Structure formats: structure tokens, C-alpha cells
Number of protein chains: 2
Amino acid sequence: MQKPTDAELEILQVLWQEGPSTVRQVNDILGRRRDIGYTTSLKLMQIMHEKGLVTRIEDGRTHIYAAAVAERDTQSYLLQEFVDQTFRGSAMNLVMQALGNHQEVSAEEIEAIKSLIAKMEQEQNNRPS
Amino acid sequence: MQKPTDAELEILQVLWQEGPSTVRQVNDILGRRRDIGYTTSLKLMQIMHEKGLVTRIEDGRTHIYAAAVAERDTQSYLLQEFVDQTFRGSAMNLVMQALGNHQEVSAEEIEAIKSLIAKMEQEQNNRPS
DNA sequence: AAACATCTACGAAATTTTTCGTAGTTCCAA
DNA sequence: TTGGAACTACGAAAAATTTCGTAGATGTTT
């Protein structure tokens with residue numbers, strides 16, 4: 001997988017969230033957060049197209065862009081890199097820190113983790129030693 | 001906190017792991033993983049010193065560098081940024097994905113998470129609504 | 001003491017990423 | 001039918017990061 005740069009990831013986020021969009025639409029959304037010229041967004045999306053990070057179809061004289069990579073896959077990929085770089089490969093340390101930092105965990109979320117844990121314990125038991 | 005670049009983080013990792021070290025020592029360790037010139041490491045560490053990411057003391061004609069920022073603090077900071085950028089601020093999604101990706105979770109680690117979860121549930125109950 | 005190795009400082013090249021200006025085209029409204 | 005608004009393509013400037021060469025000082029070996 002081609003690793004997206006920070007600016008590219010920002011655009012992917014918009015496409016994942018909003019679905020297929022024109023440069024104008026993406027630029028408008030980015031513009032809410034920070035100053036960014038139209039041609040800057042355009043150029044980025046053109047580069048992303050070359051790299052295969054997005055697809056695009058013509059719609060009249062404009063283009064409609066869509067993410068070509070799945071959000072989950074990209075997150076996995078970046079997560080792996082981040083764990084290696086920042087937590088020396090220890091996903092557990094990352095998890096513990098993430099859970100520890102964010103006190104505001106809802107009951108539902110806790111349940112979700114618990115069931116995931118339960119699943120992992122099962123796998124533990126079924127694993128041939 | 002000054003955000004370390006990728007190369008700077010790599011050096012911080014060495015200093016955290018090995019403790020105070022000379023440029024030579026850091027460079028040797030980095031050199032195991034990839035080609036990197038001595039003066040490259042030197043320059044990076046000088047820059048980090050200017051930025052306040054490391055401290056250094058003279059020892060004869062060489063310098064001994066030490067991390068000036070705590071590993072935990074830096075991880076927290078970078079984690080927060082990463083969650084925002086990559087998981088749109090949802091630490092839970094990150095946690096779920098991290099747990100899901102890495103099947104190889106030891107029994108001890110599962111216990112650690114469970115007790116953390118238990119602690120969080122307590123806080124939940126004690127929280128004034 | 002001469003040759004050599006090793007250290008710092010520092011400028012600057014090289015690379016990567018981000019940003020934007022300009023040119024050319026097309027659409028639409030006055 | 002003319003002028004302006006919006007679009008793409010593209011080169012290149014700007015900014016950020018990484019890499020390294022060279023110079024000068026100091027220690028070490030023969």
C-alpha cells in the first residue's frame with residue numbers, strides 16, 4: 001500500500017466521510033478548518049490519483065473523486081507503523097495508554113471491549129501449545 | 001511540546017532504551033537497521049538539542065546526550081494526534097482495531113486489560129450523572 | 001612529531017511534502 | 001456574444017525534513 005502523507009490522509013478522511021466528492025466539495029470542507037487554496041486541494045487530489053489512492057470519474061467538465069483505499073485497511077496499515085515507531089512494536093502498550101488517557105469511556109464501549117477480550121480468551125484456550 | 005519528526009523520534013527511542021549515549025553509540029544502533037552517516041546522526045542530535053528534545057553534557061571532547069522528554073508523555077502526545085488524524089478522534093476505534101489486529105495477546109496482557117476495564121467500570125459507576 | 005582517527009560545528013545539497021500561480025478550456029448569465 | 005465564474009493541468013516556488021561534506025580541533029598511535 002502507498003502510504004498517504006498527512007495532507008493526503010486529511011483528504012481521504014473527507015472522502016471516507018462524505019463519499020465521492022468534487023475538488024470543490026473537498027476544498028470547502030478543508031477550508032472550514034484552515035486556510036487552503038483551491039488549487040492546493042486540486043493538486044493534491046491529482047497526485048493521489050496518480051498514486052492510486054483515489055479514483056475519479058468525469059462528470060461534465062468536473063471530476064468526482066472517491067477513495068480507492070478502504071478506511072479500515074489504511075488505518076491498519078498506519079496503525080502498524082505507528083505502533084512500531086512510537087511504541088516499539090508493543091500494541092498492548094498503545095492500547096493501555098489509549099484506554100488510560102481517555103477516561104470518558106461509555107458503558108457500551110466498555111462492553112465492546114469486554115466481548116472482544118472474551119473472544120481473545122477463547123482463542124487463547126483453543127490455541128495448541 | 002515540540003513534536004519530534006520521524007528521524008528525531010527514532011533517536012529518542014534509542015535514548016529511552018539505552019539511556020544517555022554519545023552520538024557514536026546512537027549512530028551505531030541506527031546503523032544496524034539502515035545506512036546512515038555519522039554526521040547525519042550528529043546533526044539531528046544537535047538540532048534536537050536546540051529544540052530542547054535532548055540535553056547534553058560534555059565528557060572530554062565528546063558529548064553525552066539524554067532524552068529531555070519523557071517517553072510516556074511523548075507517546076501520549078503523539079497518540080492523541082494519531083487518533084485525531086487517523087481515527088477521527090475515536091480512541092475506541094483505535095483500541096478495537098489494535099486488539100483485533102494482533103491475535104497474539106498473552107494471558108497476562110488480557111488480564112491487564114481486564115483489570116483496567118474493571119477500574120474504568122468503577123469510575124463509570126461513581127460518576128455523578 | 002607525523003600520520004591517523006574521532007569529535008564538533010556548520011553550511012548546504014538532496015529529498016519530500018505542501019502550496020500556489022498561470023494558462024487554457026468550458027459553461028452560463030447579462 | 002461577451003464577460004465572468006469555475007474547472008483542469010501543470011510547473012514551480014516554498015517549506016519542512018533528511019543527509020552529508022568539509023573544516024578545524026583534539027586525542028592516539030607508531
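Predicted model, so just to flag it, every value in this text is computed and none were measured. First the proteins, then the strands, lettered A, B, ... as listed; each starts at 1.
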Next on the checklist: Which heavy atom of B:G37 sits nearest to which heavy atom of B:N27, and what is that distance?
Outcome noted: O-ND2, 3.3 Å

Next on the checklist: Ring-plane angle category for B:H49 and B:Y65, please: parallel below 30°, perpendicular beyond 60°, tilted otherwise.
Outcome noted: perpendicular

Next on the checklist: Any side-chain to backbone donor/acceptor pair from A:Q25 onto A:T22? Under 3.5 Å, distance only.
Outcome noted: yes

Checklist entry - B:S90 side chain to B:N93 main-chain N or O, any donor-acceptor pair under 3.5 Å? => result yes

Item to check | Qualifying salt bridge (charged side-chain N to carboxylate O under 4.0 Å, His left out) pairs with a residue from residues 20-36 of chain B, counting only residues at least two apart or across chains | outcome: B:E10-B:R33, B:E10-B:R34

Checklist entry - Quick one: salt bridge (charged side-chain N to carboxylate O under 4.0 Å, His left out) pairs with a partner in residues 46-61 of chain A, sequence neighbours left out? => result A:E8-A:K51

Checklist entry - Between the side chains of B:D84 and B:Q80, does any donor sit under 3.5 Å from an acceptor? => result yes

Checklist outcome for this item: Note: contacts of residues 9-31 of chain B with DNA chain D (heavy atom, under 4.0 Å) are none

Checklist outcome for this item: Comparing nearest nucleotides in DNA chain C, the 5'-proximal residue of the pair B:T62, A:G37 is B:T62

Next on the checklist: Looking at A:R72, I want to see if its CZ is surrounded by more than 12 non-hydrogen atoms of other residues, nucleotides or ligands under 6.0 Å.
Outcome noted: no

Atom pairs, protein N/O to nucleotides 26-30 of chain C N/O, distance under 3.5 Å:
{"from": "C:dT26", "atom 1": "O2", "to": "A:R61", "atom 2": "NH1", "distance (Å)": "3.3"}

Checklist entry - Using a heavy-atom cut-off of 4.0 Å to chain B, what are the terminal contacting nucleotides of DNA chain D, in 5' to 3' order? => result D:dT17 to D:dG27

Mind listing the N/O atom pairs, protein and nucleotides 16-18 of chain C, below 3.5 Å?
{"from": "C:dT18", "atom 1": "OP1", "to": "A:A7", "atom 2": "N", "distance (Å)": "3.1"}
{"from": "C:dT18", "atom 1": "OP2", "to": "A:T5", "atom 2": "OG1", "distance (Å)": "2.5"}

